[in-house]
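Below: the structure, in structure tokens.
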Amino acid sequence: MEIPYTVSARPDTGLWNAKIGIWLFLASEVMLFGGLFSAFVFLKLGADANPAIKWGGDLNTLLGFINTLILIGSSVTVILAWTELKLRNWKKYQFYMALTIVCSLGFLVVKSIEYYMKFSHGIYPKTSTFYSIYFTMTGLHALHVIGGAVVLAYFWLFGYKMYKEHPEHLANRVEVGGLFWHFVDLIWIFLFPLFYLLSTTSSIFGGSPAH
Amino acid sequence: MAHSDSPEAIRKSQKFYIKILVWLIILTVVTVGAHELHFPVPWNWIVGLAIAVVKAALVAMIFMHMLGEKLMINRMMAFTLFFFVALMGLCVFAYWDHVAPIF
């Protein structure tokens with residue numbers, strides 16, 4: 001059965017189906033993370049009002065900075081992969097998509113190192129309100145990175161058959177996956193300064209905590 | 001995403017994306033630089049979040065093509081953004097909320 005408007009735009013909205021679908025999903029994601037950002041604000045303001053509550057932690061700014069660069073880079077590689085697909089350059093598409101997946105793995109490796117360093121020093125979500133919101137938000141974000149990477153890896157590994165039969169279908173799917181990936185990048189753009197810069201006293205040049 | 005599918009327009013947009021990448025890297029370095037300067041509160045928060053908003057706007061407008069996207073999508077996201085800002089506003093307003101003593 002042929003599903004209408006998978007490639008062509010609907011006459012009433014001017015958009016194809018998945019485009020509306022992904023944007024509605026992203027709108028719900030904004031509110032999901034919005035709830036957590038508001039929790040962050042409440043906890044921070046509560047800590048400011050109560051001197052007994054210690055706010056902030058010793059996060060490794062350099063690792064956060066590296067992860068920011070990795071995600072920003074992957075945002076560009078995913079859009080370059082999509083443009084190469086539009087140009088019907090399969091090899092270049094695969095190259096840029098592979099780079100995106102490598103970036104996502106790199107991000108997760110750095111994040112795992114950070115978590116390992118924290119756990120090995122006895123720092124867990126229960127340690128403080130700061131670490132509870134830190135682990136919750138960065139953990140949920142990491143789950144999004146994993147989800148996005150799995151989808152993009154699927155298009156990278158198994159997209160060739162669709163590319164041969166309906167290249168525009170694959171381009172649309174990669175576009176939708178790319179939009180999600182940009183959103184993941186966008187969330188990190190806020191997480192990085194909130195946790196690694198504004199809630200820590202450590203410097204990127206050292207003077208960094210042991211954990 | 002792109003609104004012109006001609007090969008020339010796509011190749012041109014690729015160069016533009018690389019330029020945006022450079023700007024995003026510069027802004028990230030500026031954010032870290034501002035952190036190292038140790039601005040007093042609340043200026044450190046204002047500077048840090050202002051740069052983050054600019055970076056997020058670049059990603060949303062250029063990479064996600066909200067600039068030039070169909071009106072329906074922009075309205076939908078403006079609606080979402082309104083409620084997000086309202087949610088943050090409620091949190092911040094609570095900071096200045098003083099409960100009067102009952103007795």
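Every heavy atom of this structure was used, including side-chain atoms; hydrogens, water molecules and symmetry mates were not. Lettering of chains follows the sequences in order, A, B, ..., and the numbering in each one begins at 1.
- Proximity to chain B is absent for every atom of A:Y96, based on heavy atoms less than 4.5 angstrom apart.
- In this structure, B:C91 and A:V41 approach most closely via the heavy-atom pair CB-CG1, 3.6 Å.
- The shortest heavy-atom contact between A:G35 and B:L87 is N-CD2, 3.9 Å.
- Taking CD1 of A:I79 as the reference point, atom CD1 of B:I18 lies at 10.0 Å (rounded to 0.5 Å).
- The shortest heavy-atom contact between A:T13 and B:K70 is O-CD, 4.1 Å.
- What you find for B:P7 and A:L87 is that their closest heavy atoms are CA-CD2, 3.6 Å.
- Only the side chain of A:F192 comes within contact range of chain B, with at least one heavy atom under 4.5 Å from a heavy atom of that chain.
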Legend entry - Trace of the side-chain contact (heavy atoms from CB on, under 4.5 Å) decision for A:V30 with B:L81: CA-CA 8 Å; A:V30 168; B:L81 193 64; 5.8 Å; no
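- Between A:F37 and B:F84, the two ring planes are perpendicular [angle over 60°; tilted spans 30° to 60°].
- A donor-acceptor pair is defined here as one N or O able to donate and one able to accept, closer than 3.5 Å; no such pair exists between the side chain of A:H182 and the backbone of B:M64.
- Here CG of A:L186 is found 11.0 Å from CZ of B:F63. Values are rounded to the nearest 0.5 Å.
- Here B:Q14 contributes atom CD and A:L80 contributes atom CG; the two are 5.5 Å apart, rounded to the nearest 0.5 Å.
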Inset, instruction - Please test B:H35 against A:F65 for side-chain contact (heavy atoms from CB on, under 4.5 Å), starting from the C-alpha separation and ending with a verdict. - result: CA-CA 12 Å; B:H35 167 68; A:F65 176 68; over 6 Å; no
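- Here A:L69 contributes atom CG and B:T28 contributes atom OG1; the two are 6.0 Å apart, rounded to the nearest 0.5 Å.
- Distance OG1/A:T68 to CG/B:L27: 12.5 Å, rounded to 0.5 Å.
- Chain B forms the most heavy-atom pairs under 4.5 Å with one residue out of A:L24, A:D185, A:I187, A:D48, and that residue is A:L24.
- A:K19 and B:E69 are joined by a salt bridge, as a carboxylate oxygen and a charged side-chain nitrogen come within less than 4.0 angstrom of each other.
- Most heavy-atom pairs under 4.5 Å with chain A: of the set B:E36, B:M76, B:K55, this distinction falls to B:E36.
- Ranked by heavy-atom pairs under 4.5 Å with chain A, the first of B:V29, B:V92, B:T80 is B:T80.
- Interface residue B:A60: backbone and side-chain heavy atoms are both found under 4.5 Å from chain A.
- Taking each heavy atom of A:V76 and B:L21 in turn, the nearest pair found is CG2-CB, 3.5 Å.
- Your options are B:V53, B:L71, B:L90, B:I25, and the one with the most heavy-atom pairs under 4.5 Å with chain A is B:V53.
- In terms of heavy-atom pairs under 4.5 angstrom with chain B, the leader among A:W181, A:F42, A:Y196, A:F183 is A:F42.
- Put simply, CG on A:L26 and CE on B:M77 are 6.0 Å apart, with the number rounded to the nearest 0.5 Å.
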